[in-house]
Visitor: 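Have a look at the structure that comes next, please.
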Amino acid sequence: MAEYSIRDSVAIIQLDNAPVNALSVAVRTGLYDGIERAAGDGSVKAVVVCGKGGNFCAGADIKEFDEGSKGPWITEIGDFMDRMRKPVVAAIEGVALGGGLEVALFCHYRIAAKNARVGQPEVNIGLIPGGGGTVRLPRAAGFKQALEMIVTGNPVRAERALKMGVLDEVVSGNILEAGIKFALSKAHIDTSLACLRNRPVRMDGLNIDTKADAALAHVKSKYKGFEAPMFCVKAVVNAARVPYDDAIQKEREYFFELRTSGQSQALRYAFFAERQIARWGLPGGGDYRTARAIPVRSVGVVGAGTMGAGIALCIITSGLPCVLLEQNQEFLEKGVTSLRGQLMGTVRLGKMTAGEAEVCLSRLKPSTSMEDLKHVDMVIEAVFEDLKLKREVFERLDKTCKPETILCTNTSTLDIDSVATATGRPDKVVGTHFFAPSYLMKLLENIYGSRTSPETVATVMRFGKTIRKVPVLVGSCTGFVANRMLAPYTAEAQFCVEEGASPAQVDSVLMDFGMPMGTFRVSDLSGIDVSFSIRREAARKLGVTLTVDSRYFRGQRHCSLIERLVEKGRLGRKTGKGWYKYEGPGGTVPLEDPDVLEIIETHCRALGIERRNVGSHEIQERMQLAMINEGFKILEEGICTRAEEIDVIWLYGFGWPRYLGGPMFYASKLGLKRVFEKICTFHKRFPHSQHWVPSVLLGKLSESGLPLSKWGEAAGTSRL
Ligand SMILES: CCCCCC/C=C/CC(=O)SCCNC(=O)CCNC(=O)[C@H](O)C(C)(C)COP(=O)(O)OP(=O)(O)OC[C@H]1O[C@@H](n2cnc3c(N)ncnc32)[C@H](O)[C@@H]1OP(=O)(O)O
């Protein structure tokens, strides 16, 4: 709703819809009524529109999008303001985003507090501004700057918005008082002079035809797969070419077309899924509502290898001091050099100044003495993935660190309890699984053990946000969530290759789907020998030796092409050949290699595997459904409590295309009945692959018709 009051002959309309004053039907109706009332009240000289609770308005209420269009559309409110003789001033603090900025652009004037940010982020949820933003922002900020704001969705700070012409004044002190004063100072000025409708789009010497083509081409290549950015360009270009009302009409058509599109639905889902993951709960009790995070003022990282150095870099760039520990000076120097190299890379990219980088480095304390970890609040262990070694490190940490220190293990495979039991504080031990390259990858899988306390979880969840990661809480199991789901996905890729596909064919299927990279290119990049060692180690623990002709491993189908490639010295990009051969500058360009195709052919012939044409559709279906089936098992076992958690893991861990929501959302769109039937068919066809045993939960859900938001509840794993 919107509250109406009058002070000093100024009508004040305060948007009121906590927490961000989103433009719900009630808010739009309240705003419209308030404007009408002020227009008709002879005692009112001017109007101030502002927001309650520290924000102006974060735009349309995204939750209402699926409910159709009720209440006044904001351009109707805008048209009314355009005809008003009394000045209307938007007094902005906090954010004015999307429809919120559009309301402000309908006002005759806009003032903002120094802390304010204004923007048109609709593109992030697969939309274009639908309330006149594409038509009015270019009239205020000029074509080029408006286009940039609308296409990128990035908000700008008040000072910049002032320079751009979006704001009329930036003020300090109470925003409402400033708004009233400003409004009264404009009470005698003809409002039509300040009305954006009456101004042309500012082209600042640019030619619209050349600019339009260039912008379309740029956006097409930069935002591959995304629909909305192209529509943003089309709408802004149109606004520069046609009269105001025609441009508004076109914008609205585009907006409605996108609002019902699959991409916008998926992007809106992703927006809320990212917020859902903060609502965690533990099986033994304790959740985000009751658990208090312990303040983390300093951190230690044990192990200055690639992962450890990257983690330390995340810490120091977030403003926290960090002790980086190695066992000897040589390894330590290597780690610090790698950290410096990555930091300088960000300077070269213009993301940080050299001065800022120096400040970050001043927060780093390289050390070879564990005593330096005595007083830190948290330690992240990032040593080699070996249980015996990790337990030794944890035993020493437990003895050295103060009793409150939280001990985290950056493991990708080990059971958290098996590490925690090396200490006398298992309640303070937790997994923090970073993804390589750890400085760049946003996902942080936080893993609780059976004795991890709610306070410890609350602390690592908050810490994840502090270091600008996306923390997701998961339970402990082999591979946790990300790698556990990746296993059947990559296994199916390799089986498809055994059966007749080429690595390049598989990769192009994935890239066409929207993944940033194909699985074989990823494998080459991380090193085929790495997967080889992990597999060999897993087999060794079970007393089995994997060979180049192992077709089964513990009764399960197994592809031994990895062993074959390692035998041939094809370890990936670092050796110039793996699933591909590498040429070009620095040996970074992957090319399909006839030699590897020959190796695969010969290998399969020797093992009696008949090869055939494997179609693109089959490749995509097998890889994705195998992984989705695993996702349902993860939900069934309570490793995750919501499908949204799995989707966020795929968005940030593997670059699943955001406009497709995530694998679980994708499954919901395919229809669970269809998904389940296909999985059952694959299970019959491939009985020796455990990953095709259909998830019981999936079977149950496929009959229920429940929406994705209820899957966790249906699994009985929701803890809130
Ligand atoms: C049919 C309507 C007619 C309108 C016609 C004009 C059409 C306009 C199109 C639009 O305006 S689309 C919306 C554009 N706006 C956005 O995309 C803003 C999205 N929000 C944000 O970027 C951030 O939330 C924020 C506003 C910068 C605040 O960030 P912060 O980190 O402080 O908090 P959050 O956890 O993100 O949000 C708090 C809380 O608020 C919910 N929320 C935020 N924005 C909206 C919104 N626009 N609609 C509904 N709900 C919103 C968010 O989900 C959080 O709630 P939760 O319950 O804690 O999850």
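Atoms within each ligand, like the ligands themselves, are counted from 1 in listed order.
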Visitor: Distance only, no hydrogens: is a donor on one side chain within 3.5 Å (strictly under) of an acceptor on the other, for Thr466 and Arg462?
Guide: no
Visitor: May I ask whether Glu64 has any heavy atom positioned less than 4.0 angstrom from an atom of ligand 1?
Guide: no
Visitor: Would you say the side chain of Phe182 lies within less than 4.5 Å of the side chain of Val171, judging by non-hydrogen atoms?
Guide: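 Answer no - side chains too far apart.
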Visitor: For residues Met149 and Val156, determine if any side-chain heavy atom of one lies less than 4.5 Å from a side-chain heavy atom of the other.
Guide: yes
Visitor: Have a look at Phe256, Phe65, Phe271 and point out the one with the heavy atom closest to atom 24 (O) of ligand 1.
Guide: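 That would be Phe271.
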Visitor: Tell me which one of Asn21, Asp61, Asn17, Val20 gets a heavy atom nearest to atom 43 (C) of ligand 1.
Guide: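 Ranked by closest heavy atom to atom 43 (C) of ligand 1, first place is Val20.
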Visitor: Kindly determine whether Arg642 and Asp647 satisfy salt bridge (Lys or Arg N to Asp or Glu O under 4.0 Å), including the steps that lead there.
Guide: CA-CA 9 Å; Arg642 294 190 187 92; Asp647 282 340; over 6 Å; no
Visitor: For Arg28, which part has a heavy atom under 4.0 Å from ligand 1: side chain, backbone, both, or neither?
Guide: side chain
Visitor: Go through the side-chain N and O atoms of Tyr109 and Glu169 and say whether any donor and acceptor fall under 3.5 Å apart.
Guide: no
Visitor: If we set the cut-off at 4.0 Å for heavy atoms, which region of Pro19 has an atom near ligand 1: side chain, backbone, both, or neither?
Guide: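 Side chain only.
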Visitor: Which ligand 1 atoms are under 4.0 Å away from a heavy-atom of Arg275?
Guide: 24 (O), 34 (P), 35 (O), 36 (O), 52 (C), 53 (O), 59 (O)
Visitor: Measure Ile74 to ligand 1 on non-hydrogen atoms and call it side chain, backbone, both or neither using the 4.0 Å cut-off.
Guide: side chain
Visitor: Looking at non-hydrogen atoms alone, which of Glu122, Glu102, Lys465, Arg279 comes nearest to atom 59 (O) of ligand 1?
Guide: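 Looking at heavy atoms only, Arg279 sits closest to atom 59 (O) of ligand 1.
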Visitor: Which of the numbered atoms in ligand 1 are under 4.0 angstrom from any heavy atom belonging to Phe272?
Guide: 53 (O)
Visitor: Ring centroids only, cut at 6.0 angstrom: are Trp656 and Tyr666 within range, meaning strictly under it?
Guide: yes
Visitor: For ligand 1, which atoms have a heavy atom of Gly99 less than 4.0 angstrom away?
Guide: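 Result: 8 (C), 10 (C), 11 (O).
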Visitor: Can you list the atoms of ligand 1 that are under 4.0 Å from a heavy atom of Gly59?
Guide: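 That gives atoms 11 (O) of ligand 1.
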Visitor: What atoms of ligand 1 come within less than 4.0 Å of a heavy atom belonging to Pro121?
Guide: 15 (N), 16 (C), 17 (O)
Visitor: Out of Phe434, Phe435, Phe654, Trp650, which one pairs with Leu443 under the side-chain contact (heavy atoms from CB on, under 4.5 Å) rule?
Guide: Phe435
Visitor: Quick one: are Tyr223 and Val123 in side-chain contact, heavy atoms under 4.5 Å?
Guide: no
Visitor: Does any N or O atom in Phe255 lie less than 3.5 angstrom from one in ligand 1, N or O only?
Guide: no
Visitor: Indicate yes or no: does an N/O atom of Lys63 lie under 3.5 Å from an N/O atom of ligand 1?
Guide: no
Visitor: Which of the atoms of ligand 1 are close to Ile125, meaning less than 4.0 Å from one of its heavy atoms?
Guide: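 Those of ligand 1 that fall under 4.0 Å from Ile125 are 12 (S).
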Visitor: Is Arg275 positioned over the aromatic face of Phe271, cation under 6.0 angstrom from the ring centre and no more than 45 degrees off axis?
Guide: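 Relative to the ring axis of Phe271, which defines the angle, Arg275 lies inside both limits.
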Visitor: Of the listed options (Gly98, Ala58, Ala18), which comes nearest to atom 16 (C) of ligand 1 when hydrogens are ignored and any heavy atom counts?
Guide: Ala58
Visitor: Is the shortest side-chain heavy-atom distance between Met230 and Lys220 below 4.5 Å?
Guide: yes
Visitor: In terms of atom number and element, which parts of ligand 1 are under 4.0 angstrom from non-hydrogen atoms of Trp73?
Guide: 1 (C), 3 (C), 5 (C)
Visitor: List the steps and the verdict of salt bridge (Lys or Arg N to Asp or Glu O under 4.0 Å) for Arg197 and Asp245.
Guide: CA-CA 9 Å; Arg197 167 197 282 272; Asp245 285 319; 3.3 Å; yes
